[in-house]
Amino acid sequence: MSETVDHTETEYKPKGLFEYFLTHWRGTFATFFLLPISFWFTLWLKTRNKIVFWMRSAPAKHDKRVAEVQRQINEWRESGAKEKLTTGRNGWFTMSELVPIYKKTNRKIFLNMYDVLEINEEKGTVRVEPQVNMGQITAALNPKGWTLAVVPELDDLTVGGLVNGFGVETSSHKYGLFQYICESFELVTAEGKLIKCSRNENPEMFSMIPWSYGTLGFLVAVELKIIPAKKYVRVEYLPLFNQDEIVKKFDTECRKIKENDFVEGLVYSKHEGVIMIGHMVDKVGKDGKRNPLRRWYKPWFYKHVLKILNNKKTVVEYVPLRQYYHRHTRSLFWAMAEVIPFGHKGWHRFFFGWAMAPQISLMKYFETETTRRLREKFNVAQDMLMPMDKLKESMDHFHDHWGLSPIWLCPMAVYEQPNGLGFIHPYKKEDGTIDEMFVDIGAYGVGKTPGFDGNKALHECEQFVIKHKGVQAMYAKTLLSKEDFRKMFDHSYYDILRSKLPFSDKAFPEVYDKLSRKARVSAIDYKKNKIPVEEKVLVEKKS
């Protein structure tokens, strides 16, 4: 009997034996093919990065890489600046479930910037290239006794993506979004100029780069704030069984920015959830046990938390710092439950846990027509960033319209820039008071409400977010119109800045035009070259 076969799969009959296998036995395929390939590919990248870092050759090469980016852009201008520009990074490597179609049509500018450039302990900063990922940074910093103030969860998230899009982690109630730990940016504009910007140097550009999705220039270096690290995180798990208590406790703990280093919530039903409070410490205390929870054979983190919820008792654990940062990585929160339904089983963790999780790019590449249709209709992968004041209403909306669990709650502060610029701003209440505290509500999995339709639910959710002055994560699928997108994100100075930057309109589309339904397609449509007619003409002319 096949694994995880849903009756809705009868809507499409797989063509050929290979597609049938990928569709009906995707857990087996992922286990025996995707996991080993992903493991060796990741190992190669990590080895390469360590060698470069040990040799300390990156700073000298960085200037040459920047000059090469400028050369490519100058060549584009000299040839008539006829095409839009994009990075040469393969479209398969985006974190979105969709693939950017403009990677096939736009002119590629190759960056090849994967290195940690400098750790400045006196200044309390680390300077990195844009394609450096979180796993690489924590591996470089933690042994030296340092860490980023905000370390977004997944190993493969890159600095460039987190700056141009958004980044959040359970320390964001204290330090804000990833963009707020950025001390400076260096980018090459469409004019071919290298610009450095910070709060004091080119502050307008500095304020507008976050959320701009690479439409103002090519990021070539970022300076990030680092803080002293300790060996462990003391995690206190608090099971709660009433929605009002969950909301109140989460809100209260998030506002203790001096006391709590980390705050997180996992909500398993409308009235059941666990709030987790973390403090960095150097030693394991007597009130709990050491738990290296990211070892290959350990239960997936959300399953571990669920067990604590079911036992209905407060638990204290001491988790090694880097393992805490990447606690959701092996299971991609809980998205792996849909790809490898038996992945949480003890036997699978013991024999294959060392290779988890498979590369997102490979999972997308092997999508079939059937899994695509199921994903589009039932699967959810969204992060909605809502004012903390609207948490209860937001949780009600997700439970009533999506019917999936768990739901991730991650706090974050949204600060106003000194110049008042930016795509997002703190929440202004009806009485005129300002509240900087927001919450990222992460919804991942399969919708389970009766007659669930993913597109309908997404449209209703996006309108809910706009109405309550929230914003949507840019990696996720969107059905917003351009008008509604501009309601969600403040474009007032973005439009002015683009008009001031020479060649900007010729080089880059607007943010919306890189995120809309026309800009990103399913993996299988990308492989089959199913793109808009006007785009396809450009591809044929190039070939």
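If you're wondering where the values come from, they're calculated on a predicted model, not measured in any experiment.
Ring-plane geometry between W334 and Y444 is classed as tilted, the angle between the planes lying from 30 to 60 degrees on a 0 to 90 degree scale. Ring geometry for Y512 versus F485: interplanar angle of 30 to 60°, hence tilted. In this pair, H328 and F333 present their aromatic rings parallel. The plane angle is below 30°, not in the 30 to 60° band. In this structure, F352 and H348 have tilted ring planes: the angle between them lies in the 30° to 60° band.
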Pairs of donor and acceptor atoms involving the side chains of residues 276-283, under 3.5 Å and at least two apart or interchain, shall be tabulated with distances.
unit_1 : atom_1 : unit_2 : atom_2 : d
H279   : NE2    : E259   : O      : 3.2
H279   : NE2    : N260   : OD1    : 3.0

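Under the salt bridge (charged side-chain N to carboxylate O under 4.0 Å, His left out) criterion, D287 pairs with R234, not counting sequence neighbours. H304 meets the ring pair (Phe, Tyr, Trp, His ring centres under 6.0 Å) test with Y237; sequence neighbours excluded. With sequence neighbours left out, the salt bridge (charged side-chain N to carboxylate O under 4.0 Å, His left out) criterion links E183 to R199.
Annotation: cation-pi pair R327/Y324 present, NZ/CZ under 6.0 Å from the ring centroid and within 45° of its normal.
Using a 4.5 Å heavy-atom cutoff, the side chains of Q243 and M395 are in contact. Side-chain contact between L224 and T125 is absent, with no heavy-atom pair separated by less than 4.5 Å.
The main-chain N or O of L35 is never found under 3.5 Å from a side-chain atom of S38 such that the two would form a donor-acceptor pair. With hydrogens and angles ignored, the 3.5 Å screen pairs a side-chain donor or acceptor of E169 with a backbone N or O of E153.
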(request) Applying side-chain contact (heavy atoms from CB on, under 4.5 Å), run through K270 and D396 and close with a yes or a no. (result) CA-CA 7 Å; K270 196 162 189 173; D396 284 340; 3.1 Å; yes
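Residues in residues 443-468 take part in these salt bridge (charged side-chain N to carboxylate O under 4.0 Å, His left out) pairs, two or more places apart or across chains: K377-D453, K456-E460. Counting only residues at least two apart or on different chains, the ring-ring contact (aromatic ring centres under 6.0 Å, His included) pairs with a member in residues 161-182 are F166-W211, Y180-Y415.
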